[in-house]
Protein chains: 2
Amino acid sequence: MENSTSIATENFIKAVFKHEQTEGADTKSGTIARELGITHAAATDMARKLASKNLVDYQKYKELKLTDSGRELAVHVLRRHRLWETFLNRVLGLDMHQVHTEAEVLEHATSDFLLDQIDAYLGYPKFDPHGDPIPDKNGMVDDSLAQITVSNAEVNIAYQVCRLSGSDEEFFDFCSSNQLVLGSTIIIRKHYPKNKMTEVEIGDVKLLLNSDFADAILVEAKLN
Amino acid sequence: MENSTSIATENFIKAVFKHEQTEGADTKSGTIARELGITHAAATDMARKLASKNLVDYQKYKELKLTDSGRELAVHVLRRHRLWETFLNRVLGLDMHQVHTEAEVLEHATSDFLLDQIDAYLGYPKFDPHGDPIPDKNGMVDDSLAQITVSNAEVNIAYQVCRLSGSDEEFFDFCSSNQLVLGSTIIIRKHYPKNKMTEVEIGDVKLLLNSDFADAILVEAKLN
DNA sequence: ATGCATATTTAAGCTTACTTAAATCATAAA
DNA sequence: TTTATGATTTAAGTAAGCTTAAATATGCAT
């Protein structure tokens with residue numbers, strides 16, 4: 001029994017999974033081909049091979065669908081990806097883009113053992129720095145709202161302040177002087193990665209936060 | 001110009017380098033084949049291919065020798081390996097064997113950028129947990145003696161205590177009560193990895209050290 | 001110096017993951 | 001309903017990295 005999944009296989013399955021999640025339809029070999037930067041022919045080939053390994057359901061000219069074991073694999077790869085992202089962000093301080101690029105490679109070179117160590121070291125995080133949920137060992141996903149730091153939040157989206165995790169008095173002083181309380185609506189206007197500053201708006205107050213503060217303010221998406 | 005080096009290539013070059021360093025002679029394709037667990041035929045094939053890429057000097061039936069760019073590649077891979085070992089040991093607390101297994105895979109999945117980040121995070125270490133020197137960015141190696149922790153030291157070799165890096169008073173109390181001073185000769189008798197204990201001998205004193213203490217005592221090989 | 005055991009290489013073939021080019025299918029427009 | 005346009009598949013071929021089996025070279029013992 002060939003149980004080893006190659007990098008090409010993992011990336012293909014991941015692409016199908018991502019497409020199923022976001023678009024929900026039209027997951028044809030051509031779409032995946034474009035996503036992976038390979039020819040249609042190669043994608044068709046791969047689809048047939050993976051169908052024979054029971055990772056996807058595939059019939060000529062029809063849409064691709066992951067089987068249960070295909071989805072299991074996809075979630076497993078996603079877990080590796082997002083744990084690496086979290087680790088590289090929290091430990092080495094890499095930014096969102098760097099974190100993604102590196103995780104894209106590391107996700108295929110990580111044993112279950114190492115992954116467990118990383119998971120434990122981070123305290124079994126439920127969300128990665130993008131705010132995307134990290135599947136647990138059994139592939140289960142927390143469907144509650146993600147809490148992410150202001151430094152990692154997206155620009156021009158209304159968030160709600162849900163945690164102030166600073167340690168010193170100055171930080172809390174600063175917060176209460178600037179309408180920064182639990183429940184406040186906050187909009188991130190611009191990240192200045194070079195200078196590690198983030199520009200935000202709370203009501204009519206505009207603030208330029210340094211990275212210590214931007215890391216200490218946790219927000220979640222606002223329910224509308 | 002194909003400048004991408006595959007995993008197979010990196011491992012082959014690494015094996016040649018290792019053999020050149022340790023045995024110094026008889027680096028024939030068969031030796032490398034045995035090392036890598038592939039057939040002689042495959043090794044011969046690879047030798048010819050890498051010769052055409054100017055990574056090894058190779059003539060039929062003769063010994064393999066790395067070219068300058070081959071050696072450069074080998075040292076670069078070694079650097080990735082040893083930095084990962086150091087990182088996994090220091091940050092995640094993996095033991096010698098685990099560290100090696102994981103680094104064997106990660107070394108092929110690490111960008112120069114990420115490697116620099118790891119290097120900086122660790123404070124540009126000169127030696128890995130085995131005591132092996134870590135080549136710097138330019139491939140330069142520190143040829144002074146390695147300082148390793150007692151917890152990582154080899155069994156039944158005479159070392160010399162060269163640093164006591166404990167932080168609390170109890171530790172230094174303990175040291176001075178047990179002939180543990182700079183310059184003392186120490187022999188590691190046994191590691192108990194399950195219990196994180198190390199049994200050592202200093203003169204006629206036998207000690208069972210816990211991991212905190214075994215990590216705080218640095219030793220180097222004794223010049224005879 | 002000769003022969004033989006061992007090491008090394010060649011030859012042929014396999015799998016994975018692609019490519020290009022040609023053939024075929026699907027479907028929306030006329 | 002027919003058609004043409006674009007998507008998809010098939011066919012043939014390539015490169016890497018292996019395998020087994022056969023051929024050949026090496027070098028040591030005699």
Side-chain angles (χ1 to χ4, degrees), chain A residues 1-16 19-20 23 25-65 70 73-74 77 104-105 107-109, chain B residues 1-16 19-20 23-66 70 73-74 77 104-105 107-109:
Chain A
M1 290 288 120
E2 281 301 319
N3 203 13
S4 64
T5 56
S6 67
I7 295 177
T9 294
E10 290 189 351
N11 281 333
F12 192 94
I13 293 292
K14 214 178 59 169
V16 175
H19 209 262
E20 276 187 358
E23 325 293 316
D26 204 42
T27 312
K28 303 240 213 71
S29 56
T31 327
I32 306 303
R34 213 171 310 120
E35 178 111 4
L36 296 177
I38 59 178
T39 59
H40 286 201
T44 301
D45 206 50
M46 201 64 177
R48 248 193 303 105
K49 278 183 193 159
L50 297 188
S52 84
K53 289 181 180 170
N54 193 37
L55 290 171
V56 296
D57 284 332
Y58 169 66
Q59 285 165 268
K60 294 206 284 186
Y61 302 106
K62 296 279 182 62
E63 289 187 6
L64 281 160
K65 278 207 199 76
L73 174 57
V77 176
E104 205 66 21
V105 183
E107 68 186 8
H108 307 297
Chain B
M1 289 291 120
E2 282 303 318
N3 201 12
S4 65
T5 55
S6 67
I7 296 177
T9 294
E10 290 189 352
N11 281 334
F12 191 94
I13 292 293
K14 214 177 62 171
V16 174
H19 208 261
E20 276 187 357
E23 326 291 316
D26 204 41
T27 312
K28 302 242 214 72
S29 56
T31 328
I32 305 303
R34 213 173 309 121
E35 179 111 5
L36 295 177
I38 59 178
T39 58
H40 285 203
T44 301
D45 206 48
M46 200 66 175
R48 247 192 305 107
K49 278 181 193 163
L50 297 188
S52 83
K53 289 180 181 171
N54 193 36
L55 290 170
V56 296
D57 283 332
Y58 169 65
Q59 284 164 269
K60 296 207 284 186
Y61 302 106
K62 296 280 182 61
E63 290 187 5
L64 281 159
K65 278 206 197 77
L66 292 181
L73 174 57
V77 175
E104 205 65 22
V105 184
E107 69 187 7
H108 306 297

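Letters A, B, ... mirror the listed sequences (proteins, then strands); counts begin at 1.
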Asks: Run the side-chain contact (heavy atoms from CB on, under 4.5 Å) test on Thr44(B) and Tyr58(B) for me, step by step, so that the C-alpha distance in whole Å, both residues' side-chain angles and the decisive distance to 0.1 Å come before the verdict.
Replies: CA-CA 10 Å; Thr44(B) 301; Tyr58(B) 169 65; 3.6 Å; yes
Asks: What is the separation between atom CD1 on Ile38(B) and atom C1' on dT20(D), rounded to the nearest whole Å?
Replies: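 After rounding, the reported distance stands at 14 Å.
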Asks: Salt bridge or not between Glu104(B) and Lys14(B)? Use side-chain N to carboxylate O under 4.0 Å.
Replies: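 Salt bridge between Glu104(B) and Lys14(B), a charged N being under 4.0 Å from a carboxylate O: yes.
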Asks: To the nearest Å, give me how far apart CG (Asn11(A)) and C1' (dC18(C)) are.
Replies: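 Nearest whole value for this atom pair: 14 Å.
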Asks: How does protein reach along nucleotides 3-17 of chain D, written 5' to 3' as B (base within reach of a heavy atom under 4.0 Å), S (only sugar-phosphate), or - (no contact)?
Replies: -----BBBB----SB
Asks: About how many Å separate CD1 of Ile13(B) and CG of Leu73(B), when rounded to the nearest 0.5 Å?
Replies: 6.0 Å
Asks: Go through the side-chain N and O atoms of Glu63(A) and Thr27(A) and say whether any donor and acceptor fall under 3.5 Å apart.
Replies: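 No - no donor-acceptor pair under 3.5 Å links their side chains.
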Asks: How close or far is atom C1' of dA17(C) from atom CD1 of Ile32(A), stated in whole angstroms?
Replies: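 Atom-to-atom, Ile32(A) to dA17(C), this comes out as 17 Å.
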Asks: If you look at every heavy atom in Leu64(A) and Val56(A), which pair is closest and at what distance?
Replies: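 Answer, listing the atom of Leu64(A) first, then Val56(A): CD2-CG2, 4.1 Å.
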